[in-house]
Amino acid sequence: MNTSASKIASLPQASEIDFAQQLKAFHAGQTKRKKVLFVTPEYTGLIKAGGLGDVAAALPRALAEHNDVRILIPAYREILQHHFPIKIIARLEGLAKIPACKIAQLQLEDDGPLIYLLICPELFDRAGSPYSTPEGTDWEDNHIRFARLGLAAADIALGKGHLGWRPDIVHAHDWPSGLTPAYMALRNQPTPCLFTIHNLAFQGLFAPSAMPDIGLPARVFNSEEMEFFGKLSFLKAGLVYSNSITTVSETYAREITRAEFGCGLHGLLQQKFEQGLLYGITNGIDDSWEPSTDPYLISGFSAREWEAKRANTRHVERQLNLAVNDEAPLFAVVSRIAPQKGIDLTLGIADTLIHAGGRLAVMGTGDHALENALVKLAKRYPEQVGVHIGFNEIEARRLFAGSDFLLMPSRFEPCGLSQMYAQSFGSLPIANCTGGLADTIEDGVNGFLFHEPNLASYKAAIKRAFNVYAHPDLLNAMRCHAMNSPQYWRESARPYQHLYQQVLRKRPMNFFKGGLSQCR
Ligand code: ADP
Ligand code: GLC
């Protein structure tokens, strides 16, 4: 048995897939339009806390040609407040302390996927984020809230509620959807379930006393199933009971089989890998991240239209009261303010960055202590540092477009979308070489990578960025490379399409040129 992470075979990426063969199969009628139920706690356009929302909204559209993908998401207050035209189409029973719920149908756009809203006001009609109170504390009944989601998905897969639609495959995302395959397995439901890990660090851990409340039998509370160091783990349930597991980049797929990144689940993930059940599929970006057509930019631009790009810089300067100074490169942070994102490291290099002649613009929300430290920094350097504590998708776009560099010193990063959005908008990411950052940034070509998440390594990368900024030809060449770098979902979604086919056929992947790819 080879336990070396370097031997991880991940799903071939889009470029490796033999599409001619796929097309032939399609025309021969071997590939039917599959019905896929996406189970997700976020969906950009309805509710977004981070990149999962973007993926949950963009991937179904990219898969739509060959699949009828429908979305199941809780009807949080933020969604209900829009008063979208919805139609109640089903009622689903409760279980133990999980209340009954309704399913409403919503179609946001004519050509968009159909959305099933899980209506259960006592669980979801509250102020706050999908996961926490307005003060940032996790909801105490999160086990019931997200068990409700998993149970509804399992019920729909089973044909309960008579929606007139039953999925051929269920695709669940992150711990809030983790009980989906568990409830399916407990009912001997044969529909295959794919589980995607967007972030292993969020596990949905609860006291074992939560089990009877959500109708889980005590027998599944063991280390082979749902128990994780004395707690009930929704994430582990997702990993154990699903038919296949993906994560959102190839490098992260390898990393999570090691103790350093595995958050205590590396043994299980290594085992899944050895069974050929763990794949890394790097996220893409959606078409809205095309800077020449983005209606939210102050000025749209293409490669080499740097003056138009600058109009966005002027806007950011005005918004954040920064000095107007084209000699001073503008470094941006657009991020959850969390230890994962290395915000403390950015605080640690800020003096150096400012004294070297740079400016810093931050947009983010999260950890209060780090937020306060950022605000203090802005007070110390009023013209050089601007901080906006909050979540604003439009201003985030303008910041990507208006900045020269994006700082992303993440300690770990399952994929990361911000670095790709920045690249697309001609802002060069400076990032720690981990997870999806390692897969999407080519050092010195379309961004900068450093190899240790510490101040010395980070500072050295920033110094290289200043050097490039001082050489406009080089800077513009890198910008052009960056703007052409990110893969759009229409390419990136193809490995999912293949995985669906594989899971349905329940046979090993053999549809690719050269077979399974062996990673570095
Ligand atoms: P994660 O999901 O771990 O937060 P990603 O890079 O995958 O990281 O995705 C983050 C997404 O959230 C990006 O679309 C980014 O633009 C967005 N984002 C993060 N913070 C903010 C903010 N304060 N305002 C607006 N958008 C934000
Ligand atoms: C998670 C990860 C991030 C990833 C996103 C979308 O929030 O932290 O790296 O890009 O999910 O998959």
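Note that ligands are numbered from 1 as they come in the structure, with each ligand's atoms numbered from 1 the same way.
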- prompt: Given the side-chain rings of W289 and F400, with only the six-membered ring counted for Trp, is the space between their centroids under 6.0 Å?
  reply: yes

message: Less than 6.0 angstrom separating the ring centers of H66 and Y500, yes or no?
response: no

query: For atom 11 (O) of ligand 2, what's the nearest protein heavy atom and its distance?
result: H198 CB, 3.3 Å

message: To check your reading of the model: name the closest protein heavy atom to atom 3 (C) of ligand 2, its residue, and the distance in Å.
response: E413 OE2, 3.4 Å

Show the atoms of ligand 2 that are less than 4.0 angstrom away from any heavy atom in [X].
X	answer
P414	2 (C), 8 (O), 9 (O)
V55	6 (C), 12 (O)
V248	12 (O)
Q340	8 (O)

I'd like to know if [X] pairs up with [Y] as an ion pair, taking the criterion as any Lys NZ or Arg NE/NH1/NH2 lying under 4.0 Å from an Asp or Glu carboxylate oxygen.
X	Y	answer
E383	R359	no
R310	D404	yes
R490	E65	no

- request: Just let me know how N283 lines up against ligand 2, side chain, backbone, both or neither, with a heavy-atom cut-off below 4.0 Å.
  value: side chain

Hydrogens and angles aside, do [X] and [Y] bring a side-chain donor and acceptor to less than 3.5 Å of each other?
X	Y	value
Y496	Q501	no
S457	H451	no
S424	E290	no
N67	Q497	yes

Options [options], ranked by nearest heavy atom to [atom], top entry:
atom	options	value
atom 4 (C) of ligand 2	S418, G416, G51	G416
atom 7 (O) of ligand 2	Q419, E42, H173, R336	R336
atom 8 (O) of ligand 2	T247, D54, N199	N199

Show the distances, to 0.1 Å, for all pairs joining an N/O atom of ligand 1 and a protein N/O atom that are shorter than 3.5 Å, listing one pair per line.
residue: ligand 1; atom: 2 (O); partner: G51; partner atom: N; Å: 2.6
residue: ligand 1; atom: 3 (O); partner: R336; partner atom: NH2; Å: 2.7
residue: ligand 1; atom: 3 (O); partner: K341; partner atom: NZ; Å: 2.8
residue: ligand 1; atom: 4 (O); partner: R336; partner atom: NE; Å: 2.8
residue: ligand 1; atom: 6 (O); partner: L417; partner atom: N; Å: 2.8
residue: ligand 1; atom: 6 (O); partner: S418; partner atom: N; Å: 3.1
residue: ligand 1; atom: 6 (O); partner: S418; partner atom: OG; Å: 3.4
residue: ligand 1; atom: 7 (O); partner: L417; partner atom: N; Å: 3.1
residue: ligand 1; atom: 8 (O); partner: K341; partner atom: NZ; Å: 3.0
residue: ligand 1; atom: 9 (O); partner: G51; partner atom: N; Å: 3.2
residue: ligand 1; atom: 14 (O); partner: K48; partner atom: NZ; Å: 2.8
residue: ligand 1; atom: 14 (O); partner: D54; partner atom: OD2; Å: 3.1
residue: ligand 1; atom: 23 (N); partner: G390; partner atom: O; Å: 2.7
residue: ligand 1; atom: 24 (N); partner: N392; partner atom: N; Å: 3.0

- prompt: Regarding R61 and the six-membered ring of W489, is the cationic atom NZ or CZ under 6.0 Å from the ring centre and inside 45° of its axis?
  reply: no

Criterion salt bridge (Lys or Arg N to Asp or Glu O under 4.0 Å) on D294 and R397, from CA distance to verdict: CA-CA 9 Å; D294 184 342; R397 284 173 177 269; 2.8 Å; yes

